[in-house]
Amino acid sequence: MAVHTRLAEVPLTRLDNADPELLGELLETVERVAGSARFTFGPELEAFEDEYADYCGATHAVGLSSGTDALILALRALDIGPGDEVLVPANSFIATAEAVSIIGATPRFVDVDPETALVSADTVEAEIGPHTRCLIAVHLYGRTAELDRVVSLARDRGLALIEDACQAHGARLGDRRAGTVADAGCFSFYPAKNLGAWGDAGALVTSDPHVADRVRLMRAHGERIRYHHEVIGMTARMDALQAAILRVKLRRLDGWNDARRRIGAALIEALHDAPVTPPAPLRPGTDHVFHQFVVRSDERERLRAHLAAYGIATAIHYPIPIHQTPAYADRARARRASGSGLGVAEDLARRVLSLPIYPAMTDEEIDAVAAGVEAFARC
Ligand SMILES: *Cc1c(COP(=O)(O)O)cnc(C)c1O
């Protein structure tokens, strides 16, 4: 077997500790919030909500404890519950489906467009049944789904529409931002997302005051006035510390996303002779902020091992389609006795491979990734 020279160590992503200037600013922020001892609600959370709503171009943003909680509360605010079916792409992070199950509704898995790996009006329409009440469209990897026809379809068929924008902060959809086209948009600020906190946090954006009000109530035990509980809620608010950190990072988000777009394009260009299928070109009116840079390969496991030997980190998003995970397999099997109808999602799970991408990625690192993949063709 050939001995590979480790050309470079290229990680999958880099977090805030790799940027001394940002780290310094964030530590000062933490000190300020700690000095105020306002750890829940208060001015930092209110300011973040105003700034994030403004950034997204939505009327309301509600700071929450995670992206999963944002999805749960979006569904509850839209009155989805037991007996209702919610359409969910089979190739998302499992949280998209879990939120549906947690509120007692039933996820119905939908296949995706083979090129974009996203739901479209075509993949959704055939799955709408008599109990279908809602669709969650996921802007997976940071690529925005084409929602114009999906929005009309949802309106015609009386479905609520939620955007899972947990991987697409700031991405464009026509002249709007991801998360603001549907009845509600859900965001995660898990540390590795394009906008990441120092722990778990999330947000819901909406232009519907009723939805915003319900989510605000439910994130804090249904109380508007302390100990006067109007509805059954939970603890799902964003911590003030996370809000303060996110305010600092939000100011840099457009710059980081521009860098991701530029690096994504440079990687596609650099990989033009490489033995992988790069991310598909953008459809009109959509955008890609490259939360992940995902290629496809028929020899994924060998390619992964080869890249690991070159010092190039990779990951798989996601190795098992949701309906085939042990958590969901039994229910999905019961409903789909003859073929899953989810062949594209199943094929993608066998072939997708995420390569490194992050805003500070250097030209040398881009070249190292491309050289590593190209060398696979010769081995
Ligand atoms: C990260 C993510 C979530 C869940 O967010 P958490 O903050 O981890 O709860 C949901 N959907 C998608 C597509 C995600 O990437």
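As the structure is a prediction and not an experimental result, all values here were calculated from the model. Both counts, for ligands and for their atoms, begin at 1 and track the order of listing.
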- line: The complete set of ring-ring contact (aromatic ring centres under 6.0 Å, His included) pairs with one or both residues in residues 195-224, sequence neighbours excluded, reads none
task: Treating Ile, Leu, Val, Met, Phe, Trp and Tyr as nodes and any side-chain heavy-atom pair under 4.5 angstrom as an edge, say whether F187 and I162 lie in one connected cluster.
output: no
message: Show me, by chain and number, every protein residue that has a heavy-atom distance under 4.0 Å to ligand 1.
response: S66, G67, T68, S92, F93, A95, T96, V138, D164, C166, Q167, S188, K193
field: Pairing of R219 and E49 as salt bridge, 4.0 angstrom limit
entry: yes
- prompt: Looking at R38 and E44, does any basic side-chain N land under 4.0 Å from a carboxylate oxygen?
  reply: no
statement: Result for side chain to side chain contact (heavy atoms under 4.5 Å, CB included) between L355 and one of L267, I366, L307, V294 points to L307
- prompt: Are F189 and F48 close enough that their ring centres sit under 6.0 Å apart?
  reply: yes
